There are 2 protein chains.
Amino acid sequence: MTERVAASSGRSGRRKRPTMLDVAREAGVALRTVSRVVNEDPTVGAHLASRVQAAITALGYAPDERAQQLRRGTSGTVGAAVRNLADAHPVLSAVDHAAREAGLAVLAMSTEDDEHREREAVMSMCRRRVDGIVIEPIGTSHDYLSGELAAGLPLVAVDRPTGGVEADAVLSDNAAGIGMAYRQLALHGHRRIGYIGDDERIFTGRERAAAFRACVAASGGPLDGMTHPGVFSPARISAALTAVLTGPAPATALITGNVETTIEVLRHLGADAGRVALVGFDDFPLADILRPGLTVVAQNSAVIGRTAIDLLVARSADPARPVQTVTVPVELIPRGSGELPPPD
Amino acid sequence: MTERVAASSGRSGRRKRPTMLDVAREAGVALRTVSRVVNEDPTVGAHLASRVQAAITALGYAPDERAQQLRRGTSGTVGAAVRNLADAHPVLSAVDHAAREAGLAVLAMSTEDDEHREREAVMSMCRRRVDGIVIEPIGTSHDYLSGELAAGLPLVAVDRPTGGVEADAVLSDNAAGIGMAYRQLALHGHRRIGYIGDDERIFTGRERAAAFRACVAASGGPLDGMTHPGVFSPARISAALTAVLTGPAPATALITGNVETTIEVLRHLGADAGRVALVGFDDFPLADILRPGLTVVAQNSAVIGRTAIDLLVARSADPARPVQTVTVPVELIPRGSGELPPPD
DNA sequence: TCAGCGTGAGATAACGTTATCCCGCAAGCT
DNA sequence: AGCTTGCGGGATAACGTTATCTCACGCTGA
């Protein structure tokens with residue numbers, strides 16, 4: 001690691017930031033008049049306004065948003081507690097856009113899939129007096145938020161519902177998605193289909209596994225040994241894969257219940273990826289450049305994010321409105337891996 | 001999209017959030033005493049402290065951080081202006097971790113690769129009086145920050161330097177990375193190597209293209225038609241690819257200058273991906289499950305993020321210290337695509 | 001000529017914290 | 001006993017805004 005120190009001697013020490021009062025002095029007007037100019041109050045004369053503007057640019061003044069928020073009583077910010085800032089996050093992006101359109105800034109924080117961190121992040125948002133929180137819940141109980149909810153904090157859960165407290169939620173249609181995946185595989189001739197997915201203690205893991213079992217039951221396929229939900233770990237995925245793909249009646253097709261599982265399965269299949277049909281739940285950026293292309297059930301992140309902000313704004317406007325759960329449709333994107341025929 | 005409305009009638013209207021004064025009244029002490037308890041001031045008696053604590057939990061009081069910040073004069077927050085919140089962002093994650101260890105919260109905002117948005121995001125951070133900003137610069141000129149910098153705002157550029165103003169920076173060793181890629185390909189027998197990368201108006205595009213030219217010149221290879229930097233667009237990548245891989249003396253190996261280009265090249269190569277050797281600059285999450293695995297020059301995001309925060313903290317402590325540029329080493333990760341032999 | 005009125009701009013009080021100052025009280029010293 | 005010392009804890013003034021109130025001024029209309 002190389003360090004290069006510039007020849008110049010750096011900058012002068014930090015001098016205090018100009019306040020509205022400084023601007024007022026500079027322009028020779030009253031404090032309140034500067035405030036009026038900043039807030040574009042039409043009752044201020046054009047001449048005076050331009051003089052104040054000049055003072056503002058001369059001093060490089062920028063209003064202190066914290067003071068504004070404190071005084072106005074509103075923060076113009078929504079918090080977004082997502083599982084991991086390091087990952088690609090289309091929903092966060094959609095939330096960001098929708099929020100900006102609604103005149104709200106987004107304070108994004110990572111929960112790192114940890115219940116404790118989630119709580120820390122959310123409480124930190126509360127201390128910052130955000131106008132609402134979009135959360136991708138991790139913990140199973142969000143009782144610690146009941147006080148805030150009672151005080152009218154708009155809270156919208158995304159992907160999974162909150163636990164223990166009632167809050168608006170935007171969910172994907174997990175059951176329909178599993179159904180699409182199953183039917184696509186069945187359509188291409190598969191009779192023995194396996195499922196590897198998330199722990200059933202997790203909402204989406206539970207919903208998707210249940211939907212899968214229902215599909216198998218409805219189609220008269222074999223259930224034994226075909227369903228493998230569980231805690232995510234490469235070792236478990238590997239074992240599940242072996243269990244499903246070997247034995248007297250191995251599966252010829254697989255459904256994976258989330259991105260992490262899909263990727264781990266692909267990693268394990270390696271060069272055999274073209275030999276077993278596969279549909280993954282949830283799309284990811286590079287699914288189309290794999291060979292064969294990965295067939296996925298894609299969630300509609302754009303709609304999810306927008307809906308979350310819509311719900312949040314609606315609750316802001318009317319804290320007493322009934323709690324609502326919106327289910328967003330999913331879409332099957334065939335790219336090849338789900339259309340592979342069974343070996344004869 | 002299905003909407004389900006819960007049977008319960010929602011929540012009561014938003015009642016005002018309890019303040020320190022409410023807690024004081026509840027506990028029957030003075031306002032200042034509550035403040036002392038909240039800040040764990042040891043001069044408060046144990047008995048009184050527990051009474052105040054009880055009042056705090058009874059009322060569900062949480063201090064207003066904006067008021068604290070206003071009063072204390074420090075925000076305990078660093079801003080992170082990254083190119084796109086939707087993308088996977090290992091550096092942001094590292095920044096988040098390092099900042100948290102330093103007792104700082106992170107306010108992440110997306111610049112969407114847009115100069116105007118970048119400025120908006122950064123100014124918004126300034127209005128929130130963040131204690132420093134980590135920026136992945138987009139614009140070529142950051143003059144608009146000169147006032148803030150003069151006022152002592154710690155600013156650390158990541159990946160690319162700022163333009164027009166002097167600021168600390170953490171960069172990857174682009175030249176060394178290109179050198180590693182080139183040598184790896186040369187080692188495996190390639191004599192005609194092509195480069196497709198970013199626009200040379202972008203710092204990294206410029207540095208990497210220059211390093212590539214230097215490599216070719218040093219090794220006595222052919223330069224004509226082998227270097228294709230330019231604005232990112234699928235059409236341009238496609239044209240560059242055709243230019244490099246066809247003609248009388250086609251390249252047998254490629255170096256791609258950034259993730260977007262790498263992925264677009266892979267997309268175009270499709271089933272031919274195994275026929276041309278390829279080393280990509282910058283790693284990405286799924287590079288290892290491609291077939292062949294993608295050989296990459298990986299930047300050390302963890303070190304970059306941590307260094308950025310270190311520089312930021314250092315400048316906070318001493319605003320007059322000389323401006324510093326840290327270059328972080330990169331690493332070649334061979335996964336197969338860069339080790340393919342040329343066709344005979 | 002003067003009441004009446006709209007209009008632009010200043011004084012002042014909040015918003016929810018923390019820092020400074022100060023005071024009352026019990027213990028220890030002469 | 002009188003005085004200092006120490007220490008727990010309360011009043012009050014900031015921090016940088018905005019909202020409310022007030023006021024001075026110039027104009028119209030009878």
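Reminder, nothing fancy here: chain letters follow the sequence lines and each chain counts from 1. Worth saying up front: this structure is predicted, and the values here are computed from it rather than measured.
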Walk me through it: do B:Arg127 and A:Asp64 pass the test side-chain contact (heavy atoms from CB on, under 4.5 Å)?
-> CA-CA 5 Å; B:Arg127 283 195 302 273; A:Asp64 188 324; over 6 Å; no
What is the distance from [atom1] of [X] to [atom2] of [N], rounded to the nearest Å?
{"X": "B:His47", "N": "D:dG9", "atom1": "NE2", "atom2": "C1'", "value": "14 Å"}
{"X": "A:Arg72", "N": "D:dA19", "atom1": "CZ", "atom2": "C1'", "value": "12 Å"}
{"X": "B:Arg127", "N": "D:dT17", "atom1": "CZ", "atom2": "P", "value": "12 Å"}
{"X": "A:Met20", "N": "C:dG10", "atom1": "CE", "atom2": "P", "value": "13 Å"}
{"X": "B:Gln69", "N": "D:dT17", "atom1": "CD", "atom2": "C1'", "value": "15 Å"}
{"X": "A:Leu21", "N": "C:dG10", "atom1": "CG", "atom2": "P", "value": "12 Å"}
{"X": "A:Arg66", "N": "D:dT17", "atom1": "CZ", "atom2": "C1'", "value": "11 Å"}
{"X": "A:Arg128", "N": "C:dC15", "atom1": "CZ", "atom2": "P", "value": "23 Å"}

If you check every side-chain atom of A:Gln68, which of D:dG9, C:dG16, D:dT17 has the closest atom?
->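 Per side-chain heavy atoms of A:Gln68, the pick is D:dT17.
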Ignoring hydrogens and angles, tell me if any N or O in the side chain of A:Ser316 forms a donor-acceptor pair with the backbone of A:Ala314 under 3.5 Å.
->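 The answer is no, because no donor-acceptor pair under 3.5 Å joins these two groups.
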Does any donor atom in the side chain of [X] or [Y] lie under 3.5 Å from an acceptor atom in the other side chain?
{"X": "A:Glu166", "Y": "A:His142", "value": "no"}
{"X": "A:Asp131", "Y": "A:Ser75", "value": "yes"}
{"X": "A:Thr77", "Y": "B:Arg128", "value": "yes"}

Between the base of C:dA14 and the side chain of A:Arg71, is there a donor-acceptor distance below 3.5 Å?
->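 When only heavy-atom distances are counted, A:Arg71 does reach the base of C:dA14 through a donor-acceptor pair under 3.5 Å.
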Sequence neighbours excluded and cut-off under 3.5 Å, please list the side-chain donor-acceptor pairs for residues 146-154 of chain A, or say none.
from	atom 1	to	atom 2	distance (Å)
A:Ser146	OG	A:Asp143	O	2.9
A:Glu148	OE1	B:Arg17	NH1	2.8
A:Glu148	OE1	B:Arg17	NH2	3.0
A:Glu148	OE2	B:Arg17	NH1	3.4

DNA chain D: B:Pro42 or B:Ala67, which has the more 5' nearest nucleotide?
->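 The residue mapped nearer the 5' terminus is B:Pro42.
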When the nearest nucleotide of DNA chain D is assigned to B:Arg129 and to B:Leu48 on a heavy-atom basis, which residue is associated with the more 5' position?
->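 In this pair, the answer is B:Leu48.
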Let me see the working for A:Asp22 and A:Glu26 under side-chain contact (heavy atoms from CB on, under 4.5 Å), right down to the final yes or no.
-> CA-CA 6 Å; A:Asp22 297 321; A:Glu26 173 86 7; over 6 Å; no
Verdict with supporting geometry, A:Leu92 and A:Ser301, side-chain contact (heavy atoms from CB on, under 4.5 Å) | CA-CA 8 Å; A:Leu92 177 57; A:Ser301 309; over 6 Å; no
Relative orientation of the end axes in the helix from C:dT1-D:dA30 to C:dT30-D:dA1, expressed as an angle to the nearest 10° (five pairs per end) |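 Inter-axis angle at the ends, rounded: 60°.
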Which part of the nucleic acid, if any, lies within contact of B:Val44, taking any heavy atom under 4.0 Å across all strands shown: a base, the sugar-phosphate backbone alone, or nothing?
->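 Answer is sugar-phosphate: B:Val44 comes under 4.0 Å of backbone atoms only.
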Tell me, which of residues 27-37 of chain A have any heavy atom that sits under 4.0 Å from an atom in DNA chain D?
->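 Within this stretch, A:Leu31, A:Arg32, A:Ser35 sit under 4.0 Å of the strand.
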Going by the side chain to side chain contact (heavy atoms under 4.5 Å, CB included) test, name the single residue among B:Leu107, B:Leu155, B:Leu312 that passes it with B:Ile133.
->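 The passing option is B:Leu155.
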